[in-house]
Amino acid sequence: MRLYDSMTQEKKDFVPRDGDHVTMYFCGPTVYNYVHIGNARPYVVSMVAKRYFESLGYRVTLVENITDIDDRIINKGNAEGRDYREVAKQFADAYREDTSRLGLGRPDVEPLATEHIQEIIDLIAGLVAEGHAYQAGPDVYFDVDSWGEYGKLSKQQVAEMRHGARIDVGDDKADPLDFALWKGAKPGEPAWDSPWGQGRPGWHIECSAMSLKYLGAGFDIHGGGRDLIFPHHENEIAQSEAAGKPFARFWMHNGMLNLSSEKMSKSVGNIRTLRSILDKHRPEALIAAFLGSHYRSPLEFSEDLLEETEQQVDRLRNVFRGLADRAAGAPAGAALTAADQAVLDKLAARHTAFDEALADDLNTAAALAEVFGVAREVNAALAAGELSAAGAAAVRTELTGVIHVLGLDAVAGTEDEIPAEVVAMAEERRAARAARDFAKSDALRDAIAEAGYEVRDVPDGFKIIRTR
Ligand code: AMP
Ligand code: ZN
């Protein structure tokens with residue numbers, strides 16, 4: 001697989017650090033509000049990347065943090081007369097609930113910043129000991145000048161950055177570029193004990209501490225939205241590498257999701273929450289709308305886009321329904337016809353193109369186009385009566401495996417699945433008929449009806465239809 005690395009700004013061959021184990025860290029949300037659909041993009045990208053690596057036979061550890069201590073959380077708590085912890089818990093729970101509705105599963109570890117204070121303190125203490133950080137009043141800052149590679153991710157010159165930077169009133173830092181690792185407690189704010197007095201961690205150091213704790217130095221992939229390249233990821237690299245820990249081997253940044261041509265962010269105000277979208281649309285439509293653009297491209301999000309994708313996804317669902325109907329009662333081990341084989345060959349060619357697209361920097365847009373393309377071909381074959389029951393069953397199995405990688409499993413429509421025991425009774429009934437045991441075959445027909453299904457005899461087998 002080739003993966004684009006924002007550090008080297010080119011696609012490189014991806015080979016994991018540890019044999020068949022892929023290690024990934026993605027920056028998750030700061031939980032002071034319901035997450036907007038833009039926040040769902042890195043989540044979807046990371047979960048689909050995980051599925052893709054798993055489909056290649058890798059084992060994946062995906063860590064996605066939740067920032068549960070931040071000025072905005074504290075301010076919201078103060079404004080509402082609530083403890084900041086209550087605010088953080090409410091929105092962290094809501095984040096997990098909303099993203100779970102997408103049906104993509106969960107990251108393997110979802111660490112909270114407040115549960116890693118000791119690791120954060122240890123990392124800062126090491127930086128202070130090595131002369132890469134200094135205490136100034138109640139705060140501790142990273143000394144940008146002490147580390148020669150600052151700016152290597154965002155491709156900026158330190159001298160130019162310094163020119164544009166400013167020192168906020170109340171900050172005691174020596175250089176405008178220096179950034180806080182530890183913030184001394186202000187009255188009424190949550191605080192933890194540390195060698196530098198009571199305080200709380202800065203945002204950047206949380207991600208260094210948690211990624212290194214769960215994945216170790218030199219882990220494979222660090223992701224997040226491209227809005228985080230500077231300063232967040234630049235600072236994560238500086239802190240981690242100055243502390244002697246080589247950091248991520250690949251930087252995977254998703255483009256921004258824009259709404260009405262404006263960048264979506266919680267502070268701008270043009271917010272569409274993930275939950276409000278999922279209340280109105282099927283999750284598969286949202287996933288397909290995301291995957292229809294390459295993850296690195298900006299995504300212009302609109303109601304029209306969502307409706308258009310919902311129609312494509314519905315057509316795909318109908319193809320699965322058609323295949324299920326055609327496949328009902330397919331005799332086990334039945335031979336495929338030449339026409340079946342022709343459809344399966346088309347599917348195999350599409351599958352190869354699908355794999356090649358994903359192997360090329362996770363090009364889900366091209367992969368999805370192959371899925372919709374094969375859906376059209378299968379639909380035409382169904383309409384022309386070219387697929388036998390066994391052929392339909394084979395196509396269905398194959399196609400179900402393909403769409404799993406993209407997280408579109410729900411489209412295969414298990415809710416309309418005929419229960420296995422009903423299929424078994426229908427099989428038994430056919431055998432009874434073949435043996436001219438009509439009493440038994442009638443009894444089975446009644447039992448199937450009792451279960452809410454009707455079995456109909458068709459030329460090459462039978463068809464089961466749900467009656468209630
Ligand atoms: P935040 O809570 O703003 O720190 O964002 C959580 C994650 O969502 C980070 O990986 C951000 O880079 C990403 N993100 C935030 N806004 C957008 C957006 N409009 N489009 C895509 N990703 C975003
Ligand atoms: Zn982060």
Side-chain angles (χ1 to χ4, degrees), residues 6 24-47 49 62-73 76 87-88 91-92 94-96 98-99 107 109-113 116 119-120 123 153-154 179 181 201-215 219 221-240 247-248 251-274 277 286 289-291 293-302 305:
S6 324
M24 305 172 67
Y25 182 93
F26 267 65
C27 291
T30 302
V31 282
Y32 65 98
N33 219 332
Y34 293 109
V35 293
H36 59 69
I37 40 169
N39 294 129
R41 197 174 190 197
Y43 173 82
V44 170
V45 169
S46 63
M47 295 306 294
L62 170 63
V63 181
E64 203 158 304
N65 71 299
I66 293 180
T67 298
D68 63 341
I69 176 80
D70 179 86
D71 283 340
R72 290 163 296 181
I73 302 173
K76 182 153 190 147
V87 174
F91 294 112
Y95 168 71
R96 284 185 290 250
D98 294 350
T99 45
V109 191
E110 295 183 86
L112 297 170
H116 297 80
E119 289 86 346
I120 292 168
L123 192 55
L153 177 68
S154 56
F179 54 90
L181 300 173
W203 170 39
H204 317 301
I205 196 76
E206 294 169 12
C207 284
S208 290
M210 294 189 282
S211 57
L212 292 170
K213 169 174 177 173
Y214 291 102
L215 304 175
F219 60 90
I221 299 173
H222 192 316
R226 53 173 307 118
D227 58 325
L228 300 186
I229 291 177
F230 188 83
H232 186 53
H233 290 162
E234 192 72 65
N235 292 355
E236 281 188 42
I237 294 169
Q239 300 155 160
S240 309
F247 209 45
W251 285 89
M252 188 175 181
H253 288 107
N254 63 267
M256 301 308 281
L257 181 149
N258 305 306
L259 199 67
S260 327
S261 324
E262 228 181 303
K263 176 180 155 299
M264 275 267 320
S265 84
K266 283 176 270 191
S267 46
V268 172
N270 57 341
I271 302 167
R272 294 281 311 266
T273 60
L274 176 58
I277 302 261
L286 185 58
F290 278 6
L291 300 185
S293 291
H294 190 273
Y295 76 89
R296 281 194 284 128
S297 309
L299 174 57
E300 299 303 326
F301 192 83
S302 64
L305 171 70

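Both counts, for ligands and for their atoms, begin at 1 and track the order of listing. The chain is numbered in sequence order, starting from 1. A quick note: this is a predicted structure, and the numbers were derived from the prediction, not measured.
Remark: ligand 1 and Trp203 share no N or O pair separated by less than 3.5 Å (distance only, no angle test). Taking distance alone, with nitrogen or oxygen atoms compared against 3.5 Å, Gly38 approaches ligand 1 more closely than that limit. For ligand 1, the polar-atom distance check finds no N/O of Met256 at less than 3.5 Å from any of the ligand's N/O atoms.
Because the distance cut-off is set at 2.8 Å, His233 fails to qualify as a neighbour of the Zn ion (ligand 2), as none of its N, O or S atoms comes that close. Because the distance cut-off is set at 2.8 Å, His204 fails to qualify as a neighbour of the Zn ion (ligand 2), as none of its N, O or S atoms comes that close.
Side-chain contact between Glu206 and Pro111: absent, with no pair of heavy atoms (C-beta onward) separated by less than 4.5 Å. Under the 4.5 Å side-chain criterion, counting only non-hydrogen atoms from C-beta, Asn33 is not in contact with Arg72. Contact check for Val44 versus Leu291: side-chain heavy atoms found under the 4.5 Å cut-off. Residues Val35 and Phe91 fail the side-chain proximity criterion, which asks for heavy atoms closer than 4.5 Å. With a 4.5 Å cut-off on side-chain heavy atoms, His233 and Cys207 do not count as touching. A 4.5 Å side-chain heavy-atom check between Leu257 and Phe290 finds at least one atom pair inside the cut-off. Residues Leu274 and Leu286 have side chains in contact (heavy-atom distance under 4.5 Å, counting atoms from C-beta outward).
Taking the centre of each ring, Tyr95 and Tyr34 stay at or above the 6.0 Å mark. Between His116 and Tyr214, the ring center distance clears the sub-6.0 Å criterion.
If you put the vertex on the Zn ion (ligand 2), SG of Cys207 and SG of Cys27 sit 130° apart, to the nearest 10°.
The closest approach between Gly223 and ligand 1 stays at or above 4.0 Å for every heavy atom of the residue. Arg226 does not count as a contact of ligand 1, since none of its heavy atoms falls under 4.0 Å from the ligand.
Shown in contact with Pro29 at under 4.0 Å from a heavy atom are these atoms of ligand 1, numbered in order with element: 2 (O), 6 (C). Contact atoms of ligand 1 toward Asn254: 21 (C), 22 (N) (distance under 4.0 Å to a heavy atom of the residue). For ligand 1, the atoms closer than 4.0 angstrom to any heavy atom of Gly255 are 21 (C). Shown in contact with Gly28 at under 4.0 Å from a heavy atom are these atoms of ligand 1, numbered in order with element: 6 (C). Ligand 1 places these atoms under 4.0 Å from at least one heavy atom of Gly225: 10 (O), 11 (C), 12 (O). For ligand 1 and Gly224, the ligand atoms under 4.0 Å from any heavy atom of the residue are 10 (O).
Summary: NE2 is the N/O/S atom of His232 found nearest to the Zn ion (ligand 2).
Both the backbone and the side chain of Leu257 come within 4.0 Å of ligand 1, counting heavy atoms alone.
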| request: Start with the C-alpha gap between Met252 and Val45, add the side-chain angles, then the distance that decides, and say whether side chain to side chain contact (heavy atoms under 4.5 Å, CB included) holds. | output: CA-CA 10 Å; Met252 188 175 181; Val45 169; 3.9 Å; yes

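Which of Leu228, Asn39, Val45 comes nearest to atom 15 (C) of ligand 1 through a heavy atom is settled by distance: it is Asn39.
To the nearest 0.5 Å, atoms CZ (Phe26) and CG (Asn254) are separated by 7.0 Å.
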